[in-house]
There are 2 protein chains.
Amino acid sequence: MAVTIVDVAKRAGVSPSTVSRVISGHPRISPATVNKVKEIMADMGYHPNVMAKSLVSKTTSTIGIVLPRPAEELFQNMFFPEVIRGIVTHSSRTSYDLLMATGVTEREELEAVIRLVKGRRVDGLLLLHSRKRDPLVNFLREEHFPFVLVGRSEEHADILSVDNDNVQASYDATRHLISQGHRRIGFVSGPPNLVVSMDRLAGYRQALAEAGLASSPEWIVEGEFLQESGYQAMSFFMSLPERPTAIVVIDDLVGFGVLRGLTELGFKVPQDLGIIGFNNTPMAELATPPLSSVDIGIYQIGYTASQMLIRRIKGEKTMQPRAVIPHRLVVRESSLPPV
Amino acid sequence: MAVTIVDVAKRAGVSPSTVSRVISGHPRISPATVNKVKEIMADMGYHPNVMAKSLVSKTTSTIGIVLPRPAEELFQNMFFPEVIRGIVTHSSRTSYDLLMATGVTEREELEAVIRLVKGRRVDGLLLLHSRKRDPLVNFLREEHFPFVLVGRSEEHADILSVDNDNVQASYDATRHLISQGHRRIGFVSGPPNLVVSMDRLAGYRQALAEAGLASSPEWIVEGEFLQESGYQAMSFFMSLPERPTAIVVIDDLVGFGVLRGLTELGFKVPQDLGIIGFNNTPMAELATPPLSSVDIGIYQIGYTASQMLIRRIKGEKTMQPRAVIPHRLVVRESSLPPV
DNA sequence: CCCTTGTGATAAAACGATAACAGACGAACG
DNA sequence: CGTTCGTCTGTTATCGTTTTATCACAAGGG
């Protein structure tokens, strides 16, 4: 049906290998033949079969991204669209396609990855989240398969990864609240098995310790990266006999849940509770009151991750394994002084 | 390097075709052989090479999505993440992978699609936007390549597409404003070459005409699907000698731009200007004041589009070419009566 | 004039699977 | 007991490329 390299060769009166050489710009081939073949290719509307090409070249010009498990919840949070935006911008500039893989259960997720890797479906993989002791990471390491981690690996220092300095970022956010006069500061964390939760919690603790402030275990709550979790955390905090006057929230989306809850209950922000979130979502600016947030350069993270991966695929050796994207405090009304 | 079907065959003492048959669950093969082969496959960690398989089967178990051109701006709007969420949920359930293609210029976009189609890289394509007289659509039609359009085609009625009834949706939104007592109603549209802009504008006009209300050309403004466009539209409206008392805005994101601008200028919503948007973004609820919006079921659109495409790929013939996802008015504070 | 060198092109062997065709073998049937 | 049939499995061709080895031929050197 479709026109193949053989058809072109026949019509041009040359062998298929000659056509192949024309395509790949082989040096030793006469200008006359090059022109003739190119003309005929254009005329016949020839396009190489990608599968056949990959089969022999063992290369796909495709990178895969592994979405954290429940892709369904996932996109509620602007983090993923934004990081993908960075990835797709870079990868399309370098003519790589992007294949998205996901599985509902953890088992399915691993299987999908194995399919991609062992089936030679992609040249490299981007992992969009870092968990503690991630089986995916170990698998890819053992296979010596090119991959880049968004976030960081606790276990292995040599893994390619791009991340913020989340400890420092959270430290900065907490310091900011302290500088606004707060003394009782809470923390709404994410799933404890994520490295980012751990890091941001550490930064929060470090800032408090350094300022000689107490940190009651009651003031630290774990949840998901969803509005609902923020709502619940807020309910809990506000029911405490001695409640925090400000909180650091691991993610803007969670912060919006807090905000919504507080409004429903008639509390005022920042008077009754100061808040600062992470990610500086576009929404943060529009919320009531506008939400302070740590901008972590998500787009940049995605762009850099793609860059590192493609460099790695092309065999570049001299590369820092860890890229750190700078963060930036964006102070808005939600964290102004309580008085 | 990697273990192939031949290796498995050798070790099992059978021919490669037998192994292939075991994999594909061929009926006439003895249980004894099946077990032995399966065991050895597991033992050797065999996974079929996807490229080789596609090459001979002419099938990839992959669907492509074509992002509208500047993917960079694109993800600012929650529409795309949300529609992709629907797509990925369905496609991963049916074991199809998702390949994202995009190009910076219109030319590149078309080239990318040709590469995917002619290179037999994907089994089908999802077009995420409908433009008037889209060259992509014509190309795919001529190639008889399976594809589904998100939106609708002006020209061809037989094209598979999933859409809202945007005329009706916009009509409903406008009627709603009229029912709140508004008599001077404006419209902020999107790029005029998009079918969705056209349809929503038509619905707006229809509602006004039916209510015997005037619609000054000054009250209709075109822009992009970006906050910035809303901001500009707002500036223009508020500078008019006779300005609208309410507006229908083609997209929530644009609506937020309007909202932000009004706040900056000290105007009150809905007292000074009533607003209703489209898409019912999560943000709409959090804005100040909460933004009324037409919920068009974006997730459902994506899910259905994937469903239709995969059915089409599998050769299903009895299918309605046009799926229409119902919409729903979500009234919030931004469109309450002006008095 | 023979031998080396260099250039432009071809033939043939992969790559890793699937599928059409064919064969072996035991059972069933006349 | 020979023929036919059904069940299981092996042979072989094929998918559309790239790549390695090879070859023909002309030019240059001794």
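Letters A, B, ... are given to chains in the order of the sequence lines, protein chains preceding strands, and every chain is numbered from 1. These numbers come from a predicted model, not from an experiment.
- Of the side-chain N and O atoms in B:S20, one or more sit less than 4.0 angstrom from OP1 or OP2 of C:dT18.
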> How far apart are the C-alpha atoms of B:T60 and B:D123, what are their side-chain angles, what is the distance that settles it, and do they pass the side-chain hydrogen bond (donor to acceptor under 3.5 Å, both in side chains) test?
Replying inline: CA-CA 6 Å; B:T60 62; B:D123 294 347; 2.8 Å; yes

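- Distance, A:H26 NE2 to D:dT20 C1': 11 Å, rounded to whole Å.
- As rounded to whole Å, 7 Å separates atom C1' of C:dG16 from atom OH of B:Y46.
- As judged by a 4.0 angstrom heavy-atom cut-off over every strand, A:T33 is placed among residues touching the sugar-phosphate backbone only.
- Salt bridge status for A:K118 with A:E143: present, with a side-chain N to carboxylate O gap under 4.0 Å.
- Residue A:S17 places none of its side-chain N or O atoms closer than 4.0 Å to OP1 or OP2 of C:dA9.
- Distance NZ (B:K53) to C1' (D:dG16): 19 Å, rounded to an integer number of Å.
- Within the structure, every side-chain polar atom (N or O) of B:T4 is placed at least 4.0 Å from both OP1 and OP2 of C:dC15.
- Here C:dA17 presents its P atom at 7 Å from CD1 of B:I23, a figure rounded to the nearest Å.
- B:L149 and B:H129 get closest at one heavy-atom pair: CD1-O, 3.8 Å.
- For B:T18, a side-chain nitrogen or oxygen approaches OP1 or OP2 of D:dG10 to under 4.0 Å.
- A salt bridge links B:E82 with B:R85: the distance from a Lys NZ or Arg NE/NH1/NH2 to an Asp or Glu carboxylate oxygen falls below 4.0 Å.
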> Does the pair A:D158 and A:R141 meet the rule for a salt bridge (Lys or Arg N to Asp or Glu O under 4.0 Å), with working shown?
Replying inline: CA-CA 10 Å; A:D158 58 334; A:R141 253 176 140 251; 2.8 Å; yes

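- Atom CZ of B:R28 is separated from atom P of C:dA19 by 15 Å (rounded to the nearest Å).
- Counting non-hydrogen atoms under 4.0 angstrom, B:V50 reaches nothing in the nucleic acid.
- Residue A:G119 is classed as having no contact, given no heavy-atom separation below 4.0 Å to the nucleic acid.
- Toward the 5' end of DNA chain D, the nearer of the two residues B:R21 and B:L55, judged by each one's closest nucleotide, is B:R21.
- Side-chain proximity of A:S15 to the nucleotides D:dT18, C:dA11, C:dA17 is greatest for C:dA11.
- Crowding of A:E316 atom CD: a count of heavy atoms from other residues, nucleotides or ligands under 6.0 Å exceeding 12.
- Atom CG of B:N49 and atom P of C:dT18 are 10 Å apart (whole Å).
- An OP1 or OP2 oxygen of D:dG16 is reached within less than 4.0 angstrom by a side-chain nitrogen or oxygen of B:K58.
- Among the protein residues, B:S54 comes within range of no part of the nucleic acid, since none of its heavy atoms lies under 4.0 Å from any strand.
- When heavy atoms are screened at a 4.0 angstrom cut-off, A:V14 is found touching the sugar-phosphate backbone but no base atom.
- Rounded to an integer number of Å, the gap from B:K10 NZ to D:dT11 P is 13 Å.
- When the nearest nucleotides of DNA chain D are assigned to B:A52 and B:I29 by heavy-atom distance, the more 5′-ward of the two goes with B:I29.
- Taking atom CZ of residue A:R121 and atom P of nucleotide C:dA17, one finds them 14 Å apart after rounding to whole Å.
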